[in-house]
Asks: 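Quick one: the structure is below, and I'll ask about it shortly.
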Number of protein chains: 2
Amino acid sequence: MHSVSSPLPPPEAGSDSPSAPLDTRFLESLIGYNARRAALAIIGPVLQRLAPFELRVVDFSVLTVIAHNPGVTSRQVCAALDILPPNLVGLVRALEQRGLVEKRDHPRDRRAQGLYVTAVGAQVQARAQAAVGAVESSDLTHLDAHERATLIRLLRKIYLGPEA
Amino acid sequence: MHSVSSPLPPPEAGSDSPSAPLDTRFLESLIGYNARRAALAIIGPVLQRLAPFELRVVDFSVLTVIAHNPGVTSRQVCAALDILPPNLVGLVRALEQRGLVEKRDHPRDRRAQGLYVTAVGAQVQARAQAAVGAVESSDLTHLDAHERATLIRLLRKIYLGPEA
DNA sequence: TATTGTTATACTCTATAACTATA
DNA sequence: TATAGTTATAGAGTATAACAATA
């Protein structure tokens with residue numbers, strides 16, 4: 001087949017203006033692109049606030065689900081947070097070794113174990129939750145309360161569907 | 001110090017109602033949590049649409065920036081897409097070996113190279129862009145045009161600041 | 001036969017150090 | 001001295017297969 005060749009040299013945006021911003025308009029028109037960038041922009045400050053507690057975002061998420069759902073099983077945590085069972089094992093074990101979480105026999109299913117926060121774990125979770133919550137309502141998001149509510153409603157519509 | 005112990009046994013949400021949904025209300029109140037889940041919900045359909053072109057999201061992003069900015073340098077692509085230079089090398093090399101992208105000497109900086117799409121690369125990019133764009137405006141997002149515009153405006157405000 | 005929790009492992013993604021050629 | 005592109009490599013994150021104990 002014939003090769004399609006450009007008869008004229010193309011414009012050279014990169015070399016013509018080395019300091020000019022690139023054209024990324026198409027990517028910026030995509031919800032996925034903007035949602036990912038926004039999530040990454042928020043995660044930085046959240047990481048900072050969680051650092052004093054020696055928790056990453058995933059650790060905080062697991063600890064929070066356990067704190068708010070005493071006796072929850074590993075499989076339930078996996079389903080709620082989209083974590084694969086083999087990958088949860090190490091997360092829970094680390095929280096357990098730090099004395100924040102403990103396992104107890106499940107009352108009606110001897111295969112399963114109920115997960116509980118310890119008294120220390122409950123304190124750490126509550127303080128970490130306050131720190132994380134403070135980021136979201138701070139100026140770091142550049143949004144007022146109404147904008148935040150609108151944003152969350154629209155985001156939930158995307159991953160839960162129109163009926164949510 | 002005294003240990004803070006619960007005088008009463010805690011409720012057992014996990015074991016009491018095994019099929020009941022967990023309490024994840026706090027996480028659901030966070031912008032970061034919702035933005036990440038929305039981004040993950042969108043990326044699935046996008047991956048499907050890109051699969052026929054044998055492009056992942058990152059490949060499509062790089063190809064698109066090059067197509068829209070002929071002569072762009074590697075460093076500029078890295079800055080625009082938040083990719084570290086060592087990690088871009090393999091991406092560009094793969095696109096180059098598939099005949100979608102080519103490097104040419106930079107006219108004024110012999111250290112740098114200008115990146116260009118080939119004629120085939122331009123065709124592939126244009127068709128992939130149409131496929132990706134169709135996902136966003138489809139029912140898959142559960143949003144109408146006005147909601148989509150509002151959502152993108154609020155997301156941009158988060159990562160660009162209030163003046164954007 | 002299906003499910004819970006687990007081990008081992010592989011694969012991808014992201015990050016750091018250091019080198020060369022050039023500015 | 002600083003920057004563009006590159007190599008090698010380390011680490012985190014995510015994925016599959018398979019097992020013992022129990023339903």
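Reminder, nothing fancy here: chain letters follow the sequence lines and each chain counts from 1.
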Asks: Please pick, from C:dA23, D:dA23, C:dA15, the nucleotide with the shortest atom-to-atom distance to any side-chain atom of A:Arg111.
Replies: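 Shortest atom-to-atom distance from the side chain points to D:dA23.
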
Asks: Go through residues 30-40 of chain B and report each residue with a non-hydrogen atom lying under 4.0 Å from DNA chain C, sorted by number.
Replies: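 DNA chain C contact set from residues 30-40 of chain B: none.
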
Asks: What is the separation between atom CG on A:Asp59 and atom C1' on D:dA12, rounded to the nearest whole Å?
Replies: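 Result: 12 Å.
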
Asks: Taking atom P of C:dA15 as reference, at what distance in whole Å does atom CG of A:Leu47 sit?
Replies: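 Distance, rounded to whole Å: 11 Å.
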
Asks: Taking the side chain from B:Asn87 and the backbone from B:Ile83, do they hold a donor-acceptor pair closer than 3.5 Å?
Replies: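 Checking the backbone N and O of B:Ile83 against the side chain of B:Asn87, no donor-acceptor pair under 3.5 Å is found.
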
Asks: Between A:Val58 and B:Pro85, just flag the one whose closest nucleotide in DNA chain D comes earlier from the 5' side.
Replies: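 Its nucleotide being nearer the 5' end, the pick is B:Pro85.
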
Asks: Among residues 89-96 of chain A, which ones have heavy-atom contacts with DNA chain C below 4.0 Å?
Replies: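 The answer is A:Val89, A:Arg93.
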
Asks: Starting at atom CZ of B:Arg56, determine the distance to atom C1' of C:dT14, rounded to an integer number of angstrom.
Replies: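 The distance from CZ of B:Arg56 to C1' of C:dT14 comes to 13 Å, rounded to the nearest Å.
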
Asks: Is there a path of hydrophobic side-chain contacts, each under 4.5 Å between heavy atoms of I/L/V/M/F/W/Y residues, joining A:Phe26 to B:Val58?
Replies: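 Cluster IDs for B:Val58 and A:Phe26 match.
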
Asks: Mind jotting down which residue pairs meet the salt bridge (Lys or Arg N to Asp or Glu O under 4.0 Å) criterion with at least one end in residues 33-49 of chain B? Sequence neighbours excluded, please.
Replies: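 Qualifying pairs: none.
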
Asks: Give the rounded distance in Å between these two atoms: CD of A:Gln113 and P of D:dA21.
Replies: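 Distance, rounded to whole Å: 14 Å.
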
Asks: Given atom CG of A:Asn87 and atom C1' of D:dA12, what is their separation to the nearest angstrom?
Replies: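 Going from A:Asn87 (CG) to D:dA12 (C1'), I get 11 Å.
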
Asks: Given atom CG of B:Asp109 and atom P of D:dG5, what is their separation to the nearest angstrom?
Replies: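 To the nearest whole Å, that distance equals 8 Å.
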
Asks: Is there a path from A:Val62 to A:Leu47 through hydrophobic residues (I, L, V, M, F, W, Y) whose side chains come within less than 4.5 Å of each other?
Replies: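 The answer is yes; both residues are in one hydrophobic cluster.
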
Asks: Mind checking if B:Arg75 touches a base, just sugar-phosphate, or nothing, with heavy atoms under 4.0 Å?
Replies: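 Base contact - B:Arg75 has a heavy atom under 4.0 Å of at least one base atom.
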
Asks: If you measure from OH on B:Tyr33 to CG on B:Leu27, what distance do you get to the nearest 0.5 Å?
Replies: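 B:Tyr33 OH to B:Leu27 CG: 6.0 Å, rounded to 0.5 Å.
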
Asks: Side chain of B:Asp82, backbone of B:Cys78: donor and acceptor closer than 3.5 Å?
Replies: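 No.
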
Asks: Hey, any chance A:Val46 and B:Leu40 share a hydrophobic cluster, counting ILVMFWY side chains that come within less than 4.5 Å of each other, even indirectly?
Replies: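 No: no chain of side-chain contacts under 4.5 Å links A:Val46 to B:Leu40.
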
Asks: Would you say a side-chain N or O of B:Lys103 is under 4.0 Å from OP1 or OP2 of D:dT6?
Replies: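 Looking at the OP1 and OP2 atoms of D:dT6, one of them is under 4.0 Å from a side-chain N or O of B:Lys103.
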
Asks: Between D:dG13 atom C1' and A:Leu88 atom CG, what is the distance in whole Å?
Replies: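 Whole-Å distance recorded here is 14 Å.
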
Asks: Is A:Leu84 linked to A:Val92 within one hydrophobic cluster, defined over Ile, Leu, Val, Met, Phe, Trp and Tyr using a side-chain heavy-atom separation of less than 4.5 Å?
Replies: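 In one cluster with A:Leu84: A:Val92, no.
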
Asks: Atom CG of B:Leu84 and atom P of D:dA8: how far apart are they, to the nearest Å?
Replies: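 So the two atoms are 18 Å apart, to the nearest Å.
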
Asks: Any link between B:Val89 and B:Val101 through a network of hydrophobic side chains (Ile, Leu, Val, Met, Phe, Trp, Tyr) touching at under 4.5 Å?
Replies: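 B:Val89 and B:Val101: separate clusters.
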
Asks: Give a yes/no on whether any side-chain N or O of B:Arg110 is located under 4.0 angstrom from OP1 or OP2 of D:dA4.
Replies: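 Checking B:Arg110 against D:dA4: no side-chain N or O falls below 4.0 Å of OP1 or OP2.
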
